[in-house]
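Notes to accompany the following structure.
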Amino acid sequence: MSTKTEGRGVFESSVCPHDCPSTCALEVEVMPGARRIGAVRGAAANSYTAGVICAKVARYSERVHHPDRVTQALLRTGPKGSGQFREIGMEEALDRVAERLMDVAATHGAEAVWPYYFAGTMGLVQRDGINRLRHVMRYSRQRSTICSTVCESGWMAGVGKFTGPDPREMAKSDLIVMWGGNPVATQVNVMTHVTRARKERGARLIVVDPYRTGTAQAADLHLPIRPGTDGALACAVMHVAFRDGFCDRDYMARYSDADPGLEAHLAERGPEWASAITGLSVELIEAFAREYGATERAYIRCGYGFSRSRNGAAGLHAVTCLPTVTGKWRHEGAGAFWNNRGIYHWNKTLIEGLDRKDTSIREMDMSRIGAVLTGDRKELGDGPPVHALFIQNVNPVTVAPDSNRVRRGFLREDLFTCVHEQFMTETARMADIVLPATMFLEHDDLYQAGGHSHIQIGRKLIEAPGDCLSNHEVTAALAKRLGAEHPGFGMTAREVIDATLRASGWPGVEEVMAGRWVDAQPDFTASHFLEGFGHKDGRFHFRPDWAAIGPDHARMPKLPDHMATIDEASAAYPFRLVTAPARQFLNTSFTETPTARKREGRPTAMVHPEDAARLGIEEGGRVRLGNGRGEVIVHAKLFDGLQPGVIIVESVWPHADFEGGMGINALTSDDPAPPAGGAVFHDTAVWMRAIAAQATETPALAAE
């Protein structure tokens, strides 16, 4: 719907599509002719967005009208990765792609084709429709582990379903604990509600994070723990709760599986024990534990940092135990929250072709694409090597772990790769054919939020440039050429949206758009689990059934604990590396926009001054980081907002922005985190060495 006219354009309702729990309600200025946009702002009428959006999206015109957008189909003419292409017509490109997919399936079997996608858009139709093609054509399946699988495991272990207290309740809290996230950079709307609580209630903000992020800098208290030690801190807080009378035994008896063994277990995990593991002082741990225990309205906002560590599932489970031990789930503005995805009860049969899904077809881990493409039988199983990739919404050459291995896989001459993209990413440069893709303002889509509770529809507001097609249009066009039959291929995106809404028990398209959004938040009783948690017994589980969550369950702790499975520092690799999100980028989205690049500067390692002095590293000096997987070169920033022995490199910069042409994920491992897999980007041990400044004199002059 149109809201009002300002300047030359008309503001229309839309939705941010990017990989962020905020899923902001937007108002976008559409200029005359429906070819360009002007200003982008948050929708003030939306109770969660509340008129606030991040700077990245506020300047979206810089991205949608970027001169380097891919607007024509491209055919590779030079060696793989050379960037040598020529333009071809879209129909010819689609014909070529379909022909190659058919040839690969006929020669090697359908499982030799792997459609690969993720969250370049979070719209349900444009993101997930690739699975309809996958299931109908019986191509290899994808286990989508690269983002949230570890958190999913940890949250489900105790809580049992993906719901929680309304995120807007943070404004009614007296203490907000941001644990493992940096919303100033990654979920700006969280800070809107935190700010309201601080102004109206005098609430305090405590941040648990390995380094002094923008959020930590704004906090009343920062606990800079060593990476991967969250479970130890949580156990110490529970220890103090039992010791000092902050525990709610009546609540635990009614709502949890607590038994005497829990208290006995935690009696051995006090602040002194946690201090040795986390690197925090006993006094700091005690102060945090007392403040949390004594504050009735204490709201823990769990971030995605847990989902980047080998022990993240155990760590997040331990954190969710805190409001259970103290009974805080009962109170408004209290409890814990990670993600609201369970409230929408989608029927995605039409979108994903779930009626054609065959679970006997192999499923491969997307985080281990390097292993898949280099023939690792742990992923390939008994099936054929992958000989064709069809990629949408993701840039694995840059973002997937173990980048050197990923690059080797993409350079295989017997691998056909089609990439449907908006820019010539480093993955697109590896393609045989590149198809031009629309942006969110150029197609229709359906959105759910993870960080709040609104269902929204983003309408097509402007015409796409050149030959750009939406993901839905491309999969439908390929389906026609491949002979893939399913009702979803013959429908428009809006028709699929309407049918999905109605099949899921929600109002249809016109009603949702008339109201701008649907608030799906359950009532207080359900949101706070006063009718029971998500397990069959209705109780929170201190003793999780890890075997029901994932196959690699044998290593998981029986009770909340520090799980010592991280890539520990050693004599060979004495530093722990965290590759946290950069404020101006979102994964590799926005790395192409000039303003974002200017504000980020260059790939930089935050190094503690004590480590820098010991290694002869100077401010702005070049340093080399390395381990058994590779090496990268970055510039150093001396920074005391972390513990010695910890290095932070905010990413994800393209490989090309690093000296030597290889980026930070050359160092990260593709080890799957237990119990159900997941990438471990913040769980890396490395060495660090100063690189001597180059002499200004030539060798001959120096000899003289």
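For clarity, every value in this text was computed on a predicted model and none was experimentally measured.
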Test item: side-chain donor near acceptor, N471 and Q126, under 3.5 Å:
no

OG1/T588 to CH2/W653 distance, rounded to the nearest 0.5 angstrom?
12.5 Å

For the student: nearest non-hydrogen atoms of A685 and E568, plus distance:
CB-O, 3.7 Å

What verdict does the side chain to side chain contact (heavy atoms under 4.5 Å, CB included) test give for Q448 and M122, after you've listed the backbone C-alpha separation in whole Å, the side-chain angles of each residue and the deciding distance to 0.1 Å?
CA-CA 8 Å; Q448 69 175 52; M122 294 292 280; over 6 Å; no

Candidate pair I391 and T417, rule side chain to side chain contact (heavy atoms under 4.5 Å, CB included), full reasoning
CA-CA 8 Å; I391 298 175; T417 302; 4.1 Å; yes

Between R405 and T374, a side-chain donor and acceptor under 3.5 Å:
yes

Specify whether Y344 and W346 have parallel, tilted or perpendicular ring planes, treating 30° as the upper limit for parallel and 60° as the lower limit for perpendicular.
parallel

Check whether any side-chain heavy atom of M364 sits under 4.5 Å from a side-chain heavy atom of Q142, and report yes or no.
no

Does W155 have its ring centroid less than 6.0 Å away from the ring centroid of F306?
no

Without hydrogens or angle criteria, can the side chains of N587 and N395 be said to hold a donor-acceptor pair below 3.5 Å?
no

Cut-off 3.5 Å, side chains only: do R407 and N404 have a donor facing an acceptor?
no

So W114 and R134, do their side chains get closer than 4.5 Å, heavy atoms only?
yes

Donor-acceptor pair, distance only, cut-off 3.5 Å: does the side chain of T320 make one with the backbone of G158?
no

If only atom types and distance count, is the side chain of E426 paired as donor or acceptor with the main-chain N or O of A656 below 3.5 Å?
yes

On a heavy-atom basis, which atom in I130 and which in T475 lie closest, and how many Å separate them?
CA-CG2, 4.1 Å

Working for side chain to side chain contact (heavy atoms under 4.5 Å, CB included), residues E421 and Q392
CA-CA 7 Å; E421 252 297 355; Q392 290 183 324; over 6 Å; no

Does D611 use its side chain to pair, donor to acceptor, with the backbone of G645 at less than 3.5 Å?
yes

Between atom CZ of F658 and atom CD1 of I633, what is the distance when rounded to the nearest 0.5 Å?
11.0 Å

No-hydrogen, no-angle side-chain donor-acceptor test under 3.5 Å, T565 and N311:
no

Here the pair of heavy atoms bringing F639 nearest to R212 is CZ-O, 3.5 Å

Parallel under 30°, tilted from 30 to 60°, perpendicular over 60°: which one fits the rings of Y304 and W338?
tilted

Does K637 NZ have over 12 foreign heavy atoms under 6.0 Å away?
no

Go through the side-chain N and O atoms of T684 and T668 and say whether any donor and acceptor fall under 3.5 Å apart.
no

Using a distance-only test with no angle check, is there a side-chain donor-acceptor pair under 3.5 angstrom linking Y573 and D567?
no

Any side-chain heavy atom of I664 within less than 4.5 Å of one from F681?
no

Looking at L354, is its backbone amide N or carbonyl O close enough to the side chain of K348 to form a donor-acceptor pair, meaning the two atoms are under 3.5 Å apart?
no

Run the numbers on R368 and D671 for salt bridge (Lys or Arg N to Asp or Glu O under 4.0 Å), then give the verdict.
CA-CA 8 Å; R368 305 197 70 235; D671 288 351; over 6 Å; no

Is a donor on one side and an acceptor on the other found under 3.5 Å between the side chain of S307 and the backbone of C147?
yes

Would you indicate whether the side-chain heavy atoms of I433 and R76 approach each other to under 4.5 Å?
no

Do H387 and D414 come close enough that some side-chain heavy atom pair is under 4.5 Å?
yes

State whether D382 and R377 are salt-bridged, where the test is any N-O pair (Lys NZ or Arg NE/NH1/NH2 against Asp/Glu carboxylate O) under 4.0 Å.
no

Check against side chain to side chain contact (heavy atoms under 4.5 Å, CB included), V607 and V623:
CA-CA 10 Å; V607 179; V623 297; 5.5 Å; no

Quick check: does any side chain N or O of S153 sit under 3.5 Å from a backbone N or O of A313, one acting as donor and the other as acceptor?
no

Show your reasoning for whether salt bridge (Lys or Arg N to Asp or Glu O under 4.0 Å) applies to D376 and K378.
CA-CA 5 Å; D376 189 333; K378 291 180 181 178; 5.6 Å; no

Decide yes or no for F416 and V113: does some side-chain heavy atom of the first lie under 4.5 Å from some side-chain heavy atom of the second?
no

State yes or no: are the ring centers of F590 and H18 separated by less than 6.0 Å?
yes

For a quick check under 3.5 Å, do R301 and Q187 share a side-chain donor-acceptor pair by atom type?
yes

Please evaluate residues R624 and E631 with respect to the criterion salt bridge (Lys or Arg N to Asp or Glu O under 4.0 Å), reporting the C-alpha separation (whole Å), side-chain torsions for both, the decisive distance (0.1 Å), and the verdict.
CA-CA 7 Å; R624 191 183 301 273; E631 300 180 9; 3.5 Å; yes

For atom NZ of K357, decide whether the heavy atoms of other residues, nucleotides or ligands shown that lie under 6.0 angstrom number more than 12.
no

Where do D683 and R576 land on the salt bridge (Lys or Arg N to Asp or Glu O under 4.0 Å) test, with the steps shown first?
CA-CA 7 Å; D683 191 355; R576 293 272 291 149; 2.7 Å; yes

Is there a donor-acceptor pair closer than 3.5 Å between any side-chain N or O of R356 and the backbone N or O of H135?
no

Taking the side chain as every heavy atom from C-beta outward, state whether L642 and I648 have any pair of such atoms under 4.5 Å apart.
yes

Stepwise side-chain hydrogen bond (donor to acceptor under 3.5 Å, both in side chains) check, T145 with D365:
CA-CA 7 Å; T145 60; D365 187 341; 2.4 Å; yes

If you compare all heavy atoms of L586 against all heavy atoms of C20, which two are closest, and at what distance to 0.1 Å?
CD1-CB, 4.4 Å

We want to know whether S140 and R362 form a side-chain donor-acceptor pair, criterion being a heavy-atom distance below 3.5 angstrom.
yes

R132/E352 salt bridge by N-O under 4.0 Å criterion
no

Decide whether S148 and R341 meet the rule of one side-chain donor and one side-chain acceptor closer than 3.5 Å.
yes

Just how far is it from atom CD of E111 to atom CG of L380, taken to the nearest 0.5 Å?
10.0 Å

If we only count heavy atoms from C-beta on, is the R689 to L615 side-chain gap below 4.5 Å?
no

Ignoring hydrogens and geometry beyond distance, is a side-chain donor-acceptor pair present between Q422 and R63 at under 3.5 Å?
yes

Look at the side chain of H317 and the backbone N and O of A157, then say whether any donor-acceptor pair between them is shorter than 3.5 Å.
no

Is the backbone of V406 close enough, under 3.5 Å, to the side chain of S403 for a donor and an acceptor to pair up by distance?
no

